Amino acid sequence: VGDSMDGWFKYAKSEWDQARRVDRRITPNDIAPTFFGAPGAPTAGLSPNVTFGFTGVNPALTDDRAYDTDTPFRTKLDGVDIFTLETVNHFSGVDLKYVGGYQGYTYSQVSDFDGVDRDPFVRTVGAQSITIFPTIEAFYMEDKEYYSNEINLISTGEGPFQWIVGLYQYHEQVNQNQGIRAPLQPELQNPRAVPPSAANGFNPPAGPEHPDHNLQIAGALLEADARAVFSQVDYQLTETWKTTVGVRYTEDKKEADEYRDRVVFLGNPALPFSFYSSGERAHLEGDWNATTGTAGLEWQPSQGTLADGKY
């Protein structure tokens, strides 16, 4: 950009969406022999017991190329944007240099968790029945962005004294979670607010709607920031000796909000509903700062010889 400024800018974007088979090998040892404890009991498991009474044969047991699952393994990378910018402004005896960059993306993954492919089936106890929809998915999601900025003031004179002064900033944030869900099980749409008990007549009140049908989700919201100021001085003592002295001050801060939520699928024909289990929350944070330095001495008696010591 004229004689006093130069620089470059780069932008890159990418995305992909992939699907492939899931290698799950259900054997007779994986088939649950019971449903959820004694018939009619108010106890529960976390998820529908989709292998109860399953008599199918997994073709992958005898053929590595065969499979029989109801959810393909799928990964998706979306919104990948990468920006990089560098500029240099030239002044008398000094350059002002800027370097900055940004990157963000969203990654998601869904895979088969139940390991079988079967039609819905009915579980009956006495006069009560419940339909089990045997599709359980495992999922993972990561939404991340980070960027940095750095400004340097750099001497460009020809004398023995050369120096650099700079500022640096970095920020990173990520929303990350994983879990399992039963997307077709209608009892997960409106879980009860609390577990059933004698106190609520085994009929607790309704809780908030649960459109994702998650059985469990655990994750964290993370943020990290770093800032620094630094300077370095080089001085050519003689034609063969040069000394270097530098100092840097850095501040770092990190915060995280971790969480885990569960919805328990009761799976009991006498009590055909799900309920919210107690959620867990944790907030973590910390900050650090430090002043560090460097010092060095170089000796170069000839073009092919160099010795130095540095702290």
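On a predicted model such as this, the values are computed, not experimentally measured, just so you know.
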Enquirer: Show the nearest heavy-atom pair for residues Phe139 and Ile180, with the distance to one decimal.
Expert: CE2-N, 3.4 Å
Enquirer: Assess, by modelled atom type and distance only, whether the side chains of Thr106 and Asp143 contain a donor and an acceptor separated by less than 3.5 Å.
Expert: yes
Enquirer: Take atom OH of Tyr235 as the centre, draw a 6.0 Å sphere, and report whether it contains more than 12 heavy atoms from other residues, nucleotides or ligands.
Expert: no
Enquirer: Between Asn152 and Glu150, is there a side-chain donor-acceptor contact under 3.5 Å, judged purely by atom types and distance?
Expert: yes
Enquirer: Among residues two or more places apart or on two chains, list those pairs meeting salt bridge (Lys or Arg N to Asp or Glu O under 4.0 Å) that have a residue in residues 170-187.
Expert: Glu137-Arg181, Lys144-Glu172
Enquirer: Are side-chain heavy atoms of Arg248 and Val229 found at a separation under 4.5 Å?
Expert: no
Enquirer: Given Trp241 and Thr243, is the side chain to side chain contact (heavy atoms under 4.5 Å, CB included) satisfied, shown in steps?
Expert: CA-CA 7 Å; Trp241 290 93; Thr243 184; over 6 Å; no
Enquirer: Please report the C-alpha distance between Phe265 and Gln185 in whole Å, then the side-chain angles of each, then the deciding distance to 0.1 Å, and finally whether the side chain to side chain contact (heavy atoms under 4.5 Å, CB included) criterion is met.
Expert: CA-CA 9 Å; Phe265 173 73; Gln185 196 68 46; 3.5 Å; yes
Enquirer: Are any of the side-chain heavy atoms of Asp81 and Tyr11 separated by less than 4.5 Å?
Expert: yes
Enquirer: Look up atom CD in Glu298 and atom CD in Gln236, then write down how far apart they are to the nearest 0.5 Å.
Expert: 8.0 Å
Enquirer: Carefully, step by step, assess Thr250 and Tyr168 under the rule side chain to side chain contact (heavy atoms under 4.5 Å, CB included).
Expert: CA-CA 9 Å; Thr250 304; Tyr168 175 77; over 6 Å; no
Enquirer: Are a donor atom and an acceptor atom from the side chains of Asp252 and Tyr170 found within less than 3.5 Å of each other?
Expert: no
Enquirer: Side chains of Arg262 and Gln216: any donor to acceptor distance under 3.5 Å?
Expert: yes
Enquirer: May I have the step-by-step check of salt bridge (Lys or Arg N to Asp or Glu O under 4.0 Å) for Asp308 and Lys242, ending in yes or no?
Expert: CA-CA 9 Å; Asp308 68 88; Lys242 184 176 79 171; over 6 Å; no
Enquirer: State, yes or no, whether a side-chain contact exists between Val247 and Thr291 at a heavy-atom distance under 4.5 Å.
Expert: yes
Enquirer: Rounded to the nearest 0.5 Å, how far does CZ of Phe230 lie from CD of Gln232?
Expert: 9.5 Å
Enquirer: What residue among Glu285, Lys253, Lys254, His171 forms side-chain contact (heavy atoms from CB on, under 4.5 Å) with Glu223?
Expert: His171
Enquirer: Can you tell if the side chain of Val194 reaches within under 4.5 Å of the side chain of Phe275, non-hydrogen atoms only?
Expert: no
Enquirer: If I compare all heavy atoms of Asp112 with all of Val116, which pair ends up nearest, and what's the gap?
Expert: OD2-N, 4.2 Å
Enquirer: Would you indicate whether the side-chain heavy atoms of His90 and Leu96 approach each other to under 4.5 Å?
Expert: no
Enquirer: Tell me whether the count of non-hydrogen atoms from other residues, nucleotides or ligands lying under 6.0 Å of NZ in Lys13 goes above 12.
Expert: yes
Enquirer: Have Gln189 and His210 got a donor and an acceptor in their side chains that come within less than 3.5 Å?
Expert: no
Enquirer: Would you say Gln109 and Tyr107 are linked by a side-chain donor-acceptor pair, where the criterion is simply a distance under 3.5 Å?
Expert: yes
Enquirer: Does a donor on one side chain and an acceptor on the other come within less than 3.5 Å for Gln176 and Tyr140?
Expert: yes
Enquirer: We want to know whether Glu145 and Gln173 form a side-chain donor-acceptor pair, criterion being a heavy-atom distance below 3.5 angstrom.
Expert: yes
Enquirer: Closest heavy-atom contact between Pro208 and Pro191?
Expert: O-CD, 3.8 Å
Enquirer: Between Gln103 and Tyr105, is the side chain to side chain donor-acceptor pair (under 3.5 Å) condition met? List the steps.
Expert: CA-CA 7 Å; Gln103 181 169 342; Tyr105 65 86; over 6 Å; no
Enquirer: Taking the side chain as everything from C-beta on, heavy atoms only, tell me whether Thr294 gets closer than 4.5 Å to Val245.
Expert: no
Enquirer: Taking the basic N atoms (NZ, or NE/NH1/NH2) and the acidic carboxylate oxygens, is any pair closer than 4.0 Å for Glu280 and Arg260?
Expert: yes
Enquirer: Just wondering, do Trp163 and Val94 contact through their side chains at under 4.5 Å, heavy atoms?
Expert: yes
Enquirer: Above 12 or not: heavy atoms from other molecules or residues under 6.0 Å from OH of Tyr311?
Expert: no
Enquirer: Quick check: do Thr240 and Gln300 have side-chain heavy atoms less than 4.5 Å from each other?
Expert: no
Enquirer: Compare every heavy atom of Pro186 with every heavy atom of Leu184, then report the nearest pair and how far apart it is.
Expert: O-CD, 3.1 Å
Enquirer: Compare every heavy atom of Asp257 with every heavy atom of Tyr259, then report the nearest pair and how far apart it is.
Expert: CD2-O, 3.9 Å
Enquirer: Is it the case that the side chains of Tyr98 and Asn149 hold a donor-acceptor pair, with the cut-off being a distance below 3.5 Å and no angle test?
Expert: yes
Enquirer: Honestly curious: do Val50 and Phe113 fall in one hydrophobic cluster under the side-chain, below-4.5 Å linking rule?
Expert: yes
Enquirer: Between Thr156 and Asp95, is there a side-chain donor-acceptor contact under 3.5 Å, judged purely by atom types and distance?
Expert: no
Enquirer: Establish, for the pair Arg192 and Phe273, whether the NZ or CZ atom is under 6.0 angstrom from the six-membered ring centre and no further than 45 degrees off its axis.
Expert: yes
Enquirer: Mind checking whether Leu85 and Val99 sit in one hydrophobic cluster, side chains of I, L, V, M, F, W, Y counted as touching below 4.5 Å?
Expert: no
Enquirer: Hydrophobic clustering (ILVMFWY, side-chain heavy atoms < 4.5 Å, transitive) - are Ile82 and Trp8 grouped together?
Expert: no
Enquirer: What is the minimum heavy-atom distance between Pro195 and Asn200, and which atoms define it?
Expert: O-ND2, 3.1 Å
Enquirer: Evaluate the criterion side chain to side chain donor-acceptor pair (under 3.5 Å) for residue pair Tyr276 and Asp261; output intermediate values, then yes/no.
Expert: CA-CA 8 Å; Tyr276 285 98; Asp261 292 314; over 6 Å; no
Enquirer: If you group Ile, Leu, Val, Met, Phe, Trp and Tyr by side-chain heavy-atom gaps below 4.5 Å, do Trp288 and Leu284 land in one group?
Expert: no
Enquirer: Count I, L, V, M, F, W, Y as connected when their side-chain heavy atoms are under 4.5 Å apart, and connections chain through other members. Are Phe121 and Leu188 then in the same cluster?
Expert: yes
Enquirer: Determine whether Thr84 and Tyr102 satisfy the following criterion, side chain to side chain contact (heavy atoms under 4.5 Å, CB included), listing intermediate values before the conclusion.
Expert: CA-CA 7 Å; Thr84 309; Tyr102 168 89; over 6 Å; no
